[in-house]
Amino acid sequence: MVEKKTEEVIVAEYKVHIHCGECARAVEKHIIRNAGVQKVDINVSSGKVIVKGSNFDVKQVQERVERKTGKKVELISPKPKPKEVKPPEKKEEKKEVIKTTVIKVHLHCANCENDLKLILLKHKEIHKVETNRAAQTCTIVGTIKEEALIKHIRKKARKHVEIVPQKVEKKVEEKKAKLEVKDGKEELTVERKEELKTEEVVVPYFIHCTHAPQWFSDEDPNACSVM
């Protein structure tokens with residue numbers, strides 16, 4: 001035997017402004033056409049409309065009457081369930097790593113230093129710049145990548161640069177065995193000692209220039225010239 005599905009009986013109550021029997025018949029006509037509606041009771045004086053049926057959409061009935069008659073329809077019961085509002089998904093923010101990069105660059109004079117600083121600090125990913133004319137180096141602090149840094153300097157300053165390898169400290173653990181006597185028994189314990197070992201990490205990215213740019217002086221390729 002096939003079990004019949006039990007139909008849910010729904011009783012919905014609405015509030016509509018009805019001033020005469022003609023209005024009531026117009027409202028009833030549009031309600032009864034909804035699927036599942038079986039009976040409509042309208043009280044003209046109070047504007048109360050009772051709709052009975054099985055498995056009909058109470059919200060759809062309200063919207064249909066408003067659309068067809070132009071009247072404001074208030075749903076008294078049952079109240080529609082509020083829509084579940086899902087909290088916005090939190091996006092994982094990528095944390096920018098601030099790093100220090102040292103480059104080898106030819107600095108001929110104080111003007112060269114100042115010009116290079118101004119050019120570098122205009123980049124949004126560069127936070128701090130320090131130059132050392134004696135060592136012919138420039139220390140850059142920021143989130144800019146090395147490849148982008150080299151391209152930026154070559155394009156804006158027209159200078160040849162090389163990345164200076166930085167020293168990285170690594171912890172080296174040293175274990176030492178020690179014989180101890182506890183409760184009359186000899187036990188072998190291991191002592192651990194951490195030491196700092198300095199290793200050079202060579203950055204494989206270099207750009208070499210075999211010919212001096214055209215804007216350099218013919219007599220001294222490393223000297224500044226006025227364009």
Student: Walk me through whether T143 and H127 qualify under side-chain contact (heavy atoms from CB on, under 4.5 Å).
Tutor: CA-CA 8 Å; T143 58; H127 306 155; 4.1 Å; yes
Student: Rounded to the nearest 0.5 Å, what separation is found between the CD1 atom of I31 and the CD1 atom of I42?
Tutor: 5.5 Å
Student: Compare all side-chain heavy atoms of I150 with those of I163 and state whether any distance is below 4.5 angstrom.
Tutor: yes
Student: Show me the pairs that pass side-chain hydrogen bond (donor to acceptor under 3.5 Å, both in side chains) and involve residues 19-36, at least two apart or across chains.
Tutor: E22-R25
Student: Identify the heavy atoms of K159 and C112 that sit nearest to each other, and give their distance.
Tutor: NZ-SG, 4.2 Å
Student: Kindly compute the distance separating OG (S45) from CD1 (I18), expressed to the nearest 0.5 Å.
Tutor: 10.0 Å
Student: Measure across R158 and K155 and return the closest heavy-atom pair with its distance rounded to 0.1 Å.
Tutor: NE-O, 3.8 Å
Student: Go through the steps to decide whether T131 and T139 satisfy the test side-chain contact (heavy atoms from CB on, under 4.5 Å), and finish with yes or no.
Tutor: CA-CA 6 Å; T131 56; T139 304; over 6 Å; no
Student: Quick check: do R154 and H160 have side-chain heavy atoms less than 4.5 Å from each other?
Tutor: yes
Student: Mind jotting down which residue pairs meet the salt bridge (Lys or Arg N to Asp or Glu O under 4.0 Å) criterion with at least one end in residues 97-117? Sequence neighbours excluded, please.
Tutor: E113-R133
Student: Find out if a path of hydrophobic residues (ILVMFWY) with successive side-chain heavy-atom gaps under 4.5 Å connects I144 to L118.
Tutor: no
Student: Going only through I, L, V, M, F, W and Y residues with side-chain contacts under 4.5 Å, is there a path from V61 to I76?
Tutor: no
Student: Once rounded to the nearest 0.5 Å, what's the spacing between atom CG of N132 and atom CD of Q136?
Tutor: 8.5 Å
Student: Among pairs that include at least one residue of residues 62-73, which meet side-chain hydrogen bond (donor to acceptor under 3.5 Å, both in side chains), considering only residues two or more places apart or in two chains?
Tutor: K59-Q62
Student: Do V40 and V11 share a hydrophobic cluster (ILVMFWY, side-chain heavy atoms under 4.5 Å, transitive)?
Tutor: no
Student: Going by side chain to side chain contact (heavy atoms under 4.5 Å, CB included), name the residues that satisfy it together with S46, two or more places apart in sequence or in a different chain.
Tutor: N43, K48
Student: Out of T101, L120, V141, which one pairs with I126 under the side-chain contact (heavy atoms from CB on, under 4.5 Å) rule?
Tutor: L120
Student: With heavy-atom distances below 4.5 Å as the criterion, would you say the side chains of Q38 and S54 are in contact?
Tutor: yes
Student: Is it true that V58 and I50 fall in one hydrophobic cluster, defined by side-chain heavy atoms closer than 4.5 Å?
Tutor: no
Student: Taking atom CG of L149 and atom CD1 of I103, what is their separation to the nearest 0.5 Å?
Tutor: 5.5 Å
Student: Rounded to the nearest 0.5 Å, what separates atom CD1 in I140 from atom CD in E125?
Tutor: 12.5 Å
Student: Applying side-chain hydrogen bond (donor to acceptor under 3.5 Å, both in side chains) as the test, list every pair that has at least one member in residues 9-18; sequence neighbours left out.
Tutor: none
Student: Linking I/L/V/M/F/W/Y whenever their side-chain heavy atoms sit closer than 4.5 Å, directly or via other members, would L121 and L107 fall into one cluster?
Tutor: yes
Student: Tell me every residue that passes side chain to side chain contact (heavy atoms under 4.5 Å, CB included) with I119, counting only those two or more places apart in sequence or in another chain.
Tutor: H152, K156, A157
Student: Working to the nearest 0.5 Å, report the span between CD1 of I10 and OG of S77.
Tutor: 11.5 Å
Student: What are the two closest heavy atoms between A12 and F56, and how far apart are they?
Tutor: CB-CZ, 4.1 Å
